[in-house]
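Can you keep this structure in mind? I'll have questions shortly.
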Amino acid sequence: MHGKRILLGITGGIAAYKIAFLVRILKKKGAEVKCIMTPASSDFISPLVLATLSENPVGIEFWDKKTGVWTNHVDYGLWADVFVVAPLTANSLAKMATGSCDNLLLATYLSMKCPTIIAPAMDLDMYAHPSTKRNLNQLLADGVHLIPAEAGELASGLVGEGRMAEPETIAAAIEHFFLSQNSKANLSLKGKKVLVTAGPTYESIDPVRFIGNHSSGKMGFSIAEQLLAEGAEVELISGPTKLGLAHPNLTITRINSAQEMLEAVQSKWSDMNIGIFSAAVADYRPMEMAVQKIKKSENELTIELVKNPDILAWAGTNKAENQLLVGFALETNNVLENATSKLKRKNLDMIVMNTLEDKGAGFSGDTNKISILDIHNKLTSFELKSKSEVAKDIVAYLINYHK
Ligand code: C5P
């Protein structure tokens, strides 16, 4: 994003406080950032914070009441490479959809020469309201790019869809937007539906504790990104990770436990052309989750574990003739032997092997060293690479693979 000019528009919702983090992320990635705000949004975040972090003055009013100096919304429109409105409230959304311009931010939107990306944020009832849907559809028809609101806890205390996407997700969407503008469209997977599992699973012990692992989700998210770049429609089912990704052809389902991941996979698998299972699913879960936090009264505590469902094996058993299934194998010994048996046992078309013995390979780091073994017994080994390069290799292998 080096040197890219990003104009951030902030409207008056509680999520406005998160924009300070977004500004920091974008600046760290080398972008130039300017902020414009609706007057109401300055009740949620101080313009001083945004001016300091963005290293640019913040625009709020059409003109300065003390000096009479006019803020030129047309100049903002000419300056920016992309205009990102986050959070976008129901009120400003409605005004953008109808072309109303009673503040600087809205006038700037009407003067924009570059694409606009929006990240709505509102309470669930407002987000679900037919008029909000109508306004959103209108903006999409006008060519605006949407970073959908996510489901989760809302400031009102309600739980549902309406939370602004996290700053990391918005930054990733902006980055993706610039990448897709630059790269020539090479759409080898256009029309293909691909399911990807990613990240760890958390198996609850009690309301505050869980069994988990160090999987970062980076491998799965990088694979999703490469698939999207090749034109695929991606269903990403992810365990808890800090990662975010936004794209019009991407749906992310966030789950916690293996059981939830299985249910998500079961509801989508029959519709898919390809499945890539990179999640580090916990093999066991506590037999029962304690309803209350377990007290440390005894010297010893025994937690009885039961086996989790093997999600990949379920997909293998329920694989149609034309579906392609890819699994991962993280082995510490007898890598090839174990991977070969896994490939057959789980009815896979190929298996991506990595071993913790290779320095730099595996779980939570940024690099990985893989080999791919397919059902025709072809073994291809790759060098140690960044996870996004590894993802490119895997996706390229898939594109050239013949069943
Ligand atoms: O059997 P193992 O856990 O080594 O297999 C690893 C592969 O199986 C990975 O692709 C992983 O995503 C998948 N898996 C799964 N559900 C499980 C365990 C593993 O989908 N419960």
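Remember, it's 1-based here, ligands and their atoms both numbered in the order they're listed. No experiment lies behind these values; they were computed from the predicted model shown.
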| Got an N/O contact under 3.5 Å between E331 and ligand 1? |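 For ligand 1, there is no N or O atom that lies under 3.5 Å from one belonging to E331.
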| message | Determine whether E166 and K18 satisfy the following criterion, salt bridge (Lys or Arg N to Asp or Glu O under 4.0 Å), listing intermediate values before the conclusion. | response | CA-CA 8 Å; E166 291 301 325; K18 293 189 180 176; 3.1 Å; yes
| request: Would you mind checking if K27 and E55 are paired as a salt bridge, meaning a charged N to carboxylate O distance below 4.0 Å? | output: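 The answer is yes: the pair qualifies as a salt bridge.
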| request: Report yes if some N/O of A329 lies less than 3.5 Å from some N/O of ligand 1; otherwise report no. | output: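 Looking only at distances, the answer is no, because the N/O contact criterion of under 3.5 Å is not met.
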| query | Got the closest protein heavy atom to atom 4 (O) of ligand 1, with its distance? | reply |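 Nearest protein contact, heavy atoms only, for atom 4 (O) of ligand 1 is K342 NZ, 2.4 Å.
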| Based purely on interatomic distance, does A280 place a nitrogen or oxygen under 3.5 Å from a nitrogen or oxygen of ligand 1? |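 N/O-N/O distance under 3.5 Å: no.
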| message | Does any part of the side chain of L104, heavy atoms only, come nearer than 4.5 Å to the side chain of Y76, both counted from C-beta? | response |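 Result yes, sub-4.5 Å side-chain heavy-atom pair found.
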| said: My understanding is that only one of V335, V390, N368 makes a side-chain contact (heavy atoms from CB on, under 4.5 Å) with N354; could you say which? | reply: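 Exactly one pass, corresponding to N368.
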| message | Quick one, D283 and V281 - any side-chain contact, counting heavy atoms below 4.5 Å? | response |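 Side-chain contact under 4.5 Å: no.
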| field | Taking atom 11 (C) of ligand 1 as the reference point, the nearest protein heavy atom with its distance | value |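 Minimum-distance protein heavy atom for atom 11 (C) of ligand 1 reads A279 O, 3.3 Å.
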| said: Using ring centroids (six-membered ring only for Trp), state whether H376 and Y401 fall under 6.0 Å. | reply: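 Ring-ring flag for Y401/H376: true, centres closer than 6.0 Å.
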| I147 side chain reached by F177 side chain, heavy atoms, under 4.5 Å |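 Not touching, per the 4.5 Å side-chain cut-off.
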| For atom 6 (C) of ligand 1, what's the nearest protein heavy atom and its distance? |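 The answer is F328 O, 3.0 Å.
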| Distance from atom 16 (N) of ligand 1 to nearest protein heavy atom, with residue and atom |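 Checked against all protein heavy atoms, atom 16 (N) of ligand 1 sits closest to I311 N, 3.0 Å.
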| query | Given side chains that start at C-beta, do those of I211 and Y202 come closer than 4.5 Å, heavy atoms only? | reply |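 Result no, sub-4.5 Å side-chain heavy-atom pair not found.
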| query | Which protein heavy atom lies closest to atom 10 (O) of ligand 1, and at what distance to 0.1 Å? | reply |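 Residue, atom and distance for the closest contact: F277 O, 2.5 Å.
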| task | Would you mind checking if E168 and K242 are paired as a salt bridge, meaning a charged N to carboxylate O distance below 4.0 Å? | result |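 So K242 does not pair with E168 through a salt bridge.
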| Is it the side chain, the backbone, both or neither of P309 that has a heavy atom closer than 4.0 Å to ligand 1? |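 It is the backbone that touches ligand 1; the side chain stays farther off.
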| Do K346 and ligand 1 have an N or O pair less than 3.5 Å apart? |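 N/O-N/O distance below 3.5 Å exists for this pair.
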| task | Among all protein heavy atoms, pick the one closest to atom 13 (C) of ligand 1 and tell me residue, atom and distance. | result |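 Residue, atom and distance for the closest contact: L312 CB, 3.6 Å.
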| query | Between N308 and ligand 1, which residue portion shows a heavy-atom distance shorter than 4.0 Å: side chain, backbone, both, or neither? | reply |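 It is neither part, as no heavy atom is under 4.0 Å.
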| message | Can you tell me which portion of M261 lies within the under-4.0 Å heavy-atom range of ligand 1? Options are side chain, backbone, both, or neither. | response |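 The answer is neither; M261 stays 4.0 Å or more away.
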| query | Salt bridge or not for E235 and K268, using N-O below 4.0 Å? | reply |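 Yes, E235 and K268 are salt-bridged.
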| field | Shortest protein contact, atom 17 (C) of ligand 1 (heavy atom only) | value |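 Here the closest protein heavy atom is V281 CB, 3.5 Å.
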| query | By number and element, which atoms of ligand 1 are closer than 4.0 Å to a non-hydrogen atom of G327? | reply |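 Ligand 1 atoms under the 4.0 Å threshold to G327: 10 (O).
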